[in-house]
Peer 1: 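Following this message is one structure expressed as structure tokens.
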Amino acid sequence: MQNDKLKFKGGNEEAPCILACPIRQDARDYVQLIARGRFSEAFRLVRERNPLPSACGRICIHPCETKCRRNSTEAPIAIAWLKRFLGDNFSEETRERTTEKYPERIAIIGAGPAGLAAANDLALLGYSCTIFESNSTPGGMLRMGVPTYRLPRTAIDKDVEFIKKLGVEIKYNTTLGVDITFDSLKREGFSAIFIGVGLLESRTLNIEGVNLDGVLKGVSFLHEVNTKGNAKIGKNVLVIGGGAVAMDCARTALRLKPQKVSVACLESRKEMPTTDFEIEEAIHEGVALYNSVGPKRILGKDGKVSGLETLKVKYVFDEQKRFNPAFYEGSESVIEADTIILAIGQASNLSFLKGQEGIQVTRGGTIIVNPSTFRTTVHGVYAGGDIVLGRGTMTESMAQGKKAAIAIHNALRNTTLKDEEWSDKPAVPDLATSRIALIKKEQKQEMPAMMPLDKRLNSFDEVELGFPLDIAVREAQRCMNCGAGAFVDDNLCVGCLTCVRICPFEVPKIKKGDTTAYIDGDCQSCGLCIVECPAKAISFKTPLEDRGKDTLEAVFQEKFIQGIKPLIVNFYCQYSAYNEDKIDTLNNLLFFHVRRIGVLGLGKVDPSLYLKAFELGAHGVLVTACKDDTCHFCKEREWVERRTKFTTQLLSGLGMDTRRFKTHFISSQTGKEILGLAFKMVEELKDLPL
Amino acid sequence: MIVASSKPFQEIKQMLSGFKKICVLGCGSCVTICHTGGEKQVTELAAQLRLSAKLEGGQIEVVEDSTLRQCEWEFVEDIKEIVKDCDAVLSIACGVGVQYMAERFPKIRVFPGVNTTFMGGPIEQGIFWERCAGCGNCILATTGGLCPVSRCAKSLLNGPCGGSQNGKCEVSQETPCVWNQIYDQLDTQQLLATMETIIPPKDWTTGMENHPRKMILEHLVMKKQIS
Ligand code: SF4
Ligand code: SF4
Ligand code: SF4
Ligand code: SF4
């Protein structure tokens with residue numbers, strides 16, 4: 001499988017955001033690419049592991065953020081929103097794909113997250129895949145279950161379009177068990193069948209009154225609204241359930257304009273199995289929430305729903321943490337409603353397995369597979385996703401599809417291909433308490449454009465409008481690059497203690513009994529120690545970080561560059577600018593004379609690189625660092641000042657006019673200030689003999 | 001450790017004028033730790049040399065390398081191939097390293113890039129201080145563990161002199177009077193009485209006055225000793 005995964009050197013601690021993700025999305029690395037303004041590369045990296053980036057960036061419950069180490073300083077990085085930002089604004093059309101082509105064809109049942117992921121990865125491995133989908137559009141539960149105000153269909157279509165470009169064929173309106181059978185597929189020449197269907201039924205309650213007119217099933221309700229744009233409900237809607245589907249039902253119902261929408265669930269507010277964000281948005285839009293109540297019976301009048309009798313909940317989970325709710329006796333009360341939507345979970349519909357008794361299923365209606373080979377009990381038939389997990393998230397389903405793809409490949413080729421990304425690695429531990437104080441708090445960027453309330457309820461249009469470019473970059477720049485910072489080459493370290501003494505975050509240590517320094521995953525990537533290490537023993541693990549070197553060399557590859565007089569190289573801090581290498585704010589004159597080299601923090605730039613710029617042909621070097629208040633690190637200013645002094649000494653030692661090397665601390669790297677400074681330097685150098 | 005300070009660039013430039021291919025050679029031990037002769041300084045010096053040549057309209061080739069210790073024949077041998085076709089070597093090891101290079105490669109001009117200055121240590125990051133004079137006859141046992149030979153401006157054995165004022169040396173207000181420190185130290189150790197014992201004149205022939213000094217570890221000598 002082609003893998004553009006960045007190659008890391010040294011250390012094996014992995015960022016917790018990556019480890020938390022069911023598909024092991026390279027969260028840290030795409031966030032770091034965004035922080036550097038390298039958006040297309042970031043999107044490519046996302047797409048490399050994630051077949052549904054646009055959809056995922058919107059509805060994934062983002063366990064990555066739950067584990068993000070920024071939780072201990074203020075709030076996690078908005079990893080999912082950043083992915084959405086990439087999915088919305090970038091695409092990747094030019095990828096070279098594997099040239100490997102295998103003769104086997106694979107049939108995939110269901111164009112939902114599991115099926116699409118399996119098809120995507122099998123296509124990348126070199127197989128031709130056909131997806132059979134019973135609906136007339138792709139997406140599975142994403143399309144049938146998730147409301148459009150959370151996931152516009154264009155986002156699904158964009159993702160699916162890309163999968164189709166890999167050669168995956170999708171046959172719509174084709175239902176297994178009706179239009180096709182396992183036998184017919186085998187006869188058609190498919191070598192393997194992957195079942196990736198979702199849970200299409202709502203679980204129902206075993207209480208009095210569930211058959212009354214006005215009791216709806218959550219999944220069917222959502223399906224109906226999502227396909228027809230409407231559904232029949234009364235004036236007072238009550239949703240039973242506390243998960244994401246319940247919130248979806250409630251917010252969808254609101255948009256059909258009843259007088260009242262409420263949600264009743266067993267769980268307390270804290271226990272509700274959905275994200276805080278979803279709950280808050282539902283309340284914000286006007287949903288009334290009844291926590292810690294259990295349904296006793298549905299009350300009716302003339303065969304129609306009139307309300308729900310509830311009991312107060314003692315506890316939802318017993319001492320063994322099993323779901324085992326208990327109620328207070330005699331605590332009955334009534335919530336009035338004329339429509340009740342059951343959103344207490346989903347169930348499978350296994351009618352497609354008719355005549356396929358060989359495929360073993362569980363009592364709960366899920367298909368039994370070997371968890372590592374994804375084989376069902378029938379040869380050549382594999383399964384994954386919700387139909388195996390019972391209830392999974394979108395990402396868990398994708399993970400199943402991806403793992404199944406490799407399993408199918410291994411079975412067909414008799415190989416043992418392994419996706420290393422899933423191997424066990426230790427996570428970078430949580431930030432030490434003593435270190436939290438040393439790290440600058442950086443406020444999380446909020447989703448800036450939320451559709452105003454009055455507009456929201458009149459349409460099914462998307463509520464969150466996405467990050468604009470500059471906000472996305474700012475947000476990405478909060479990331480601490482966990483586990484990808486500096487590391488020490490034991491063969492070079494002379495144990496001089498410089499790094500130990502100068503790191504503002506107190507990360508490097510020479511452990512008792514060791515002769516060399518050790519830098520753990522807490523490194524903040526400021527690079528100060530890398531520059532100061534006299535043995536040049538420290539470097540960055542991440543190949544993203546060249547500390548300005550490659551960029552500088554690239555500048556001098558430019559044709560006719562040597563003809564520019566004066567030529568000024570501007571080293572600037574990207575923490576207060578996002579337009580890497582672009583001088584769109586500089587005018588024409590400067591566009592001609594100035595070349596920009598962006599670095600995330602100038603503390604990682606070697607003074608010898610400034611000399612190198614002169615050596616390569618620059619006439620002036622302009623360093624523009626940030627003022628303290630905009631600095632992501634601490635002590636950067638102090639070190640940039642020291643090195644300016646040091647560099648100036650080196651240059652005057654050579655007899656060079658010191659007007660050719662200048663450092664300024666400014667508040668924005670894209671505003672007027674930099675323009676003025678660059679202009680002044682051009683003017684000054686014009687008069688010098690160069 | 002041995003502490004060396006960088007030579008002024010102009011001096012280096014003068015030494016090397018006329019050479020076309022120069023090897024700047026660092027040493028991975030003491031001079032790396034004192035930030036004047038390690039890999040980092042090799043890079044900086046090489047960049048300076050190239051840039052300086054460029055500024056004067058010329059061009060030179062600079063090879064950058066470093067040894068683990070330049071005062072070992074075996075490690076010096078390792079860079080044979082590298083220095084082979086250089087016109088000159090600028091060694092930024094201490095004087096010992098420079099001489100090892102000069103002795104091993106007699107046909108190549110070897111120049112010192114640093115001034116080897118003293119034996120001492122970093123009393124804090126970036127500040128190095130002399131602590132030992134290599135007198136060959138250590139008296140630290142009687143002076144509270146503080147060396148008046150290297151740390152007293154006059155190397156007095158029975159100090160302090162009359163110039164000691166408020167704990168500072170009369171020679172420089174920035175230097176603590178080591179005899180004052182010795183007094184305090186002995187006081188802490190309740191050994192002040194030792195101050196009254198006169199230290200007799202020292203045998204200085206074990207020290208700098210008796211070059212070149214030599215040490216032979218009979219039990220380790222492998223071949224017949226070269227005289
Ligand atoms: S700070 Fe960045 S690398 Fe660290 S856990 Fe959060 S997103 Fe991942
Ligand atoms: S600064 Fe470099 S040589 Fe010194 S202890 Fe740290 S890694 Fe080792
Ligand atoms: S790169 Fe910065 S944060 Fe990381 S160990 Fe070095 S000095 Fe500390
Ligand atoms: S003042 Fe102290 S250190 Fe200075 S010369 Fe006198 S005894 Fe020596």
Side-chain angles (χ1 to χ4, degrees), chain A residues 489 491-503 508 510 515-517 528-539 547 549 552 562 606-619 621 639 642-643 646-657 660-661 688-690, chain B residues 1-4 6-14 16 24 26-62 64-69 92-93 113-114 121-128:
Chain A
D489 183 336
N491 293 320
L492 298 176
C493 172
V494 297
C496 76
L497 292 158
T498 301
C499 54
V500 178
R501 292 179 185 134
I502 71 165
C503 172
I510 298 188
T515 52
T516 55
L528 288 177
C529 65
I530 300 182
V531 175
E532 294 310 322
C533 171
K536 295 215 281 189
I538 315 177
S539 39
R547 303 194 288 125
K549 275 186 213 147
L552 178 70
Q562 302 293 354
D606 250 297
S608 58
L609 200 66
Y610 301 139
L611 265 61
K612 175 105 184 202
F614 286 115
E615 197 186 317
L616 288 171
H619 303 108
V621 169
W639 281 95
R642 287 162 186 268
R643 291 179 190 153
F646 181 75
T647 310
T648 310
Q649 271 165 16
L650 293 186
L651 293 174
S652 46
L654 304 176
M656 191 186 258
D657 192 314
R660 292 174 62 177
F661 178 76
L688 287 183
L690 297 174
Chain B
M1 65 191 264
I2 292 174
V3 176
S6 303
K7 275 192 181 289
F9 185 73
Q10 286 306 324
E11 185 186 338
I12 293 176
K13 204 174 112 185
Q14 242 155 34
L16 294 175
V24 180
C27 172
S29 300
C30 306
V31 286
T32 296
I33 296 170
C34 72
H35 296 262
T36 48
E39 295 257 14
K40 178 175 156 71
Q41 287 72 41
V42 169
T43 310
E44 280 160 9
L45 254 180
Q48 270 183 296
L49 285 169
R50 279 192 297 261
L51 190 52
S52 159
K54 186 187 157 100
L55 287 175
E56 279 158 21
Q59 212 189 1
I60 53 163
E61 194 183 335
V62 185
E64 303 168 31
D65 211 327
S66 190
T67 55
L68 177 57
R69 287 198 303 280
I92 52 173
V114 295
I123 54 160
E124 62 178 83
Q125 180 63 23
I127 303 179
F128 298 83

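Numbered from 1 within each chain, the chains take letters A, B, ... in sequence-line order.
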Peer 1: Out of Arg501(A), Met656(A), Lys612(A), which one racks up the most heavy-atom pairs below 4.5 Å with chain B?
Peer 2: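 Answer, by heavy-atom pair count under 4.5 Å with chain B: Arg501(A).
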Peer 1: Is a side-chain donor or acceptor of Lys40(B) paired with a backbone partner of Cys533(A) at a separation under 3.5 angstrom?
Peer 2: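 No, Lys40(B) side chain to Cys533(A) backbone: no donor-acceptor pair under 3.5 Å.
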Peer 1: Would you give the length of the straight line joining atom OG of Ser652(A) to atom CD of Gln10(B), rounded to the nearest 0.5 angstrom?
Peer 2: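 With rounding to 0.5 Å, OG (Ser652(A)) is 10.0 Å from CD (Gln10(B)).
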Peer 1: Against chain B, work out which of Ala535(A), Gly495(A), Ser608(A) has the most heavy-atom pairs shorter than 4.5 Å and name it.
Peer 2: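 Result: the option with the highest number of such pairs is Ala535(A).
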Peer 1: Please identify, among Leu45(B), Val42(B), Leu55(B), the residue contributing the most non-hydrogen atom pairs under 4.5 Å to chain A.
Peer 2: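 So the answer, after comparing Leu45(B), Val42(B), Leu55(B), is Leu55(B).
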Peer 1: Looking at every heavy atom in both Ala47(B) and Leu611(A), which two are closest together, and how far apart are they?
Peer 2: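 Of all heavy-atom pairs spanning Ala47(B) and Leu611(A), the closest is CB-CD2, 3.7 Å.
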Peer 1: Need one label for Phe646(A): side chain, backbone, both or neither, based on atoms under 4.5 Å from any heavy atom in chain B.
Peer 2: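 Only the side chain of Phe646(A) comes within 4.5 Å of chain B.
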Peer 1: If you count heavy-atom pairs within less than 4.5 Å of chain B, which of Asp606(A), Leu650(A), Val494(A) leads?
Peer 2: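 With the most close heavy-atom pairs to chain B, the winner is Leu650(A).
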Peer 1: Give a yes or no on whether the backbone of Pro607(A) and the side-chain of Glu44(B) come within a donor-acceptor separation of less than 3.5 Å.
Peer 2: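 A pair under 3.5 Å: no.
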Peer 1: Identify, with sequence neighbours excluded, every residue that meets side chain to side chain donor-acceptor pair (under 3.5 Å) alongside Arg50(B).
Peer 2: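 With neighbours one apart ignored, the set is Glu615(A), Glu64(B).
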Peer 1: Could you list all the side chain to side chain donor-acceptor pair (under 3.5 Å) pairs where at least one residue sits in residues 27-39 of chain B, not counting sequence neighbours?
Peer 2: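 For residues 27-39 of chain B: Thr498(A)-His35(B).
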Peer 1: Does some side-chain heavy atom of Leu651(A) sit less than 4.5 Å from a side-chain heavy atom of Leu51(B)?
Peer 2: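 Yes, at least one pair of side-chain atoms sits under 4.5 Å.
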Peer 1: Are more than 12 heavy atoms, taken from residues, nucleotides or ligands other than Lys13(B), located less than 6.0 Å from that residue's NZ atom?
Peer 2: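 Atom NZ in Lys13(B) is packed in, count exceeds 12.
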Peer 1: If you compare all heavy atoms of Gln48(B) against all heavy atoms of Leu654(A), which two are closest, and at what distance to 0.1 Å?
Peer 2: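 Shortest heavy-atom separation between Gln48(B) and Leu654(A) comes out as O-CD2, 3.4 Å.
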